[in-house]
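Naming convention: chains lettered A, B, ... in sequence-line order (proteins, then strands); numbering from 1 in each chain.
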Protein chains: 2
Amino acid sequence: MAVMKDTKQKITDAAIAIFNEDFSAPLETVAEKAEVTRRTLHRYFKDRNDLLAACHHTMQESCRSSIGAVYATYTEPLERFEHMLYAAIDCGVKFSFLHKLHNNEHHNHSEVDKNCSDYDRTFNKFKSTIEDLQNKGLITGGLTAEWIEMLCTGIVTAAINAEKAGNVARINIKKFAWYSLSKGVLV
Amino acid sequence: MAVMKDTKQKITDAAIAIFNEDFSAPLETVAEKAEVTRRTLHRYFKDRNDLLAACHHTMQESCRSSIGAVYATYTEPLERFEHMLYAAIDCGVKFSFLHKLHNNEHHNHSEVDKNCSDYDRTFNKFKSTIEDLQNKGLITGGLTAEWIEMLCTGIVTAAINAEKAGNVARINIKKFAWYSLSKGVLV
DNA sequence: ATAGAATGTCTCATATCTGAGAAATATGAC
DNA sequence: GTCATATTTCTCAGATATGAGACATTCTAT
């Protein structure tokens with residue numbers, strides 16, 4: 001029998017999936033997805049905010065570690081760009097939900113908040129890579145770094161949806177995503 | 001003074017914006033966005049489902065009319081493809097929320113349901129245009145129609161986010177979107 | 001200025017969500 | 001098998017969301 005995943009983590013993962021699609025979903029929904037009782041959920045998490053914080057932490061850590069590893073492994077901007085896309089796709093919902101949380105209109109992004117500074121540290125690796133590409137003249141003239149950043153998250157979203165819908169072969173998803181992204185922004 | 005928008009429509013539009021980001025958001029939130037009292041909202045809509053139905057109707061109509069107009073105006077698949085992207089970007093949140101509703105895992109898509117058949121009628125124009133491009137050999141070999149469909153909605157999402165964030169010049173958004181999409185999938 | 005319609009204010013009953021106690025049951029290590 | 005721990009089940013009180021009645025206020029057209 002496969003090793004049972006830690007219940008707390010299982011609930012957190014379920015919450016990430018649920019809250020990403022429906023931020024105000026009742027905790028009952030999260031519990032169902034995690035295959036536990038709502039009562040059990042409350043044993044691990046004081047309240048909704050506590051659970052949210054755990055989600056946040058998991059997402060930060062997952063993104064930080066994946067993006068960080070790519071950044072450390074590759075030094076050429078182009079290689080970094082490609083593998084950061086793959087890393088983001090691997091992080092999947094964790095990537096897009098974290099991004100959503102820090103970029104919605106109600107969120108006040110402040111450097112004092114540890115969550116925000118952690119987020120910045122990770123995503124600045126993404127942004128600076130794009131700027132490096134621009135400085136090297138590898139980006140199609142006219143396209144701005146801001147657009148490319150938006151496009152990246154859009155393509156990651158596409159990859160996640162393709163994965164969920166199951167109508168694009170799993171091995172192809174990353175290949176297609178990189179093809180569309182690279183052709184779509186590089187000279 | 002500008003003509004005051006019909007209250008019912010104002011509430012519906014607010015609901016589309018709110019529910020797209022937070023499906024289970026309290027109606028109070030929608031009322032605030034629409035700048036009315038919750039009491040007024042309830043004068044126009046029997047309950048949450050009634051409001052949801054109105055949102056659905058507005059989104060269907062907006063997408064049907066925009067996509068339909070493009071389909072009628074252009075006959076070349078490539079022109080259709082380009083202008084459908086622009087139409088989708090113009091529909092903005094209405095496009096992506098409608099798409100989300102009909103493609104989430106809980107939704108049972110059935111042809112009997114009028115909403116579903118209306119949705120299909122509209123979005124099949126999108127899909128068939130992609131297939132036409134493929135048959136004409138204009139799509140990069142290997143890329144599947146399903147991927148391209150996902151990519152389109154991803155790029156529309158990117159355009160919406162760029163619009164919201166305001167960090168990409170408005171006139172550039174459609175230009176960039178079409179550039180990235182066309183280079184990303186066409187031979 | 002005034003009637004009629006639309007909206008706001010205050011209030012309330014009901015429904016659903018939330019968080020937690022207590023005891024029963026399942027699970028896993030030894 | 002026994003014990004310790006984790007989880008479920010049942011329960012309940014408080015919080016929040018929902019839907020609507022009654023009346024006051026504002027707006028609009030004439």
Do Q9(B) and D13(B) have side-chain atoms, one donor and one acceptor, less than 3.5 Å apart? yes

Partner of H56(A) under side chain to side chain contact (heavy atoms under 4.5 Å, CB included), chosen from D118(A), T12(A), L101(A): L101(A)

Using whole Å, report how far NZ of K10(B) lies from P of dA6(C). 16 Å

Would you say Y179(A) and N172(A) are linked by a side-chain donor-acceptor pair, where the criterion is simply a distance under 3.5 Å? no

Rounding to an integer number of Å, can you tell me how far D6(A) CG sits from dT5(D) P? 16 Å

Check every atom of dA17(D), dT7(C), dT7(D) against the side chain of T7(B) and return the nucleotide holding the closest atom. dT7(C)

Atom CD1 of I18(A) and atom P of dC17(C): how far apart are they, to the nearest Å? 14 Å

Tell me which residues in residues 32-56 of chain B lie within less than 4.0 Å of DNA chain C, going by non-hydrogen atoms. E35(B), V36(B), T37(B), R39(B), T40(B), R43(B), Y44(B)

Separation of atom CD in E28(B) from atom C1' in dA15(C), rounded to whole Å: 17 Å

Show the numbers, then the answer: is there a ring-ring contact (aromatic ring centres under 6.0 Å, His included) between F123(A) and H102(A)? CA-CA 11 Å; F123(A) 282 76; H102(A) 283 269; 8.1 Å; no

Regarding Y119(A) and N103(A), do their side chains bring together a donor and an acceptor under 3.5 Å, going by distance alone? yes

For Y86(A), does the six-membered ring have the charged nitrogen or CZ of K175(A) within the cation-pi criterion, i.e. under 6.0 angstrom from the centroid and within 45° of the normal? no

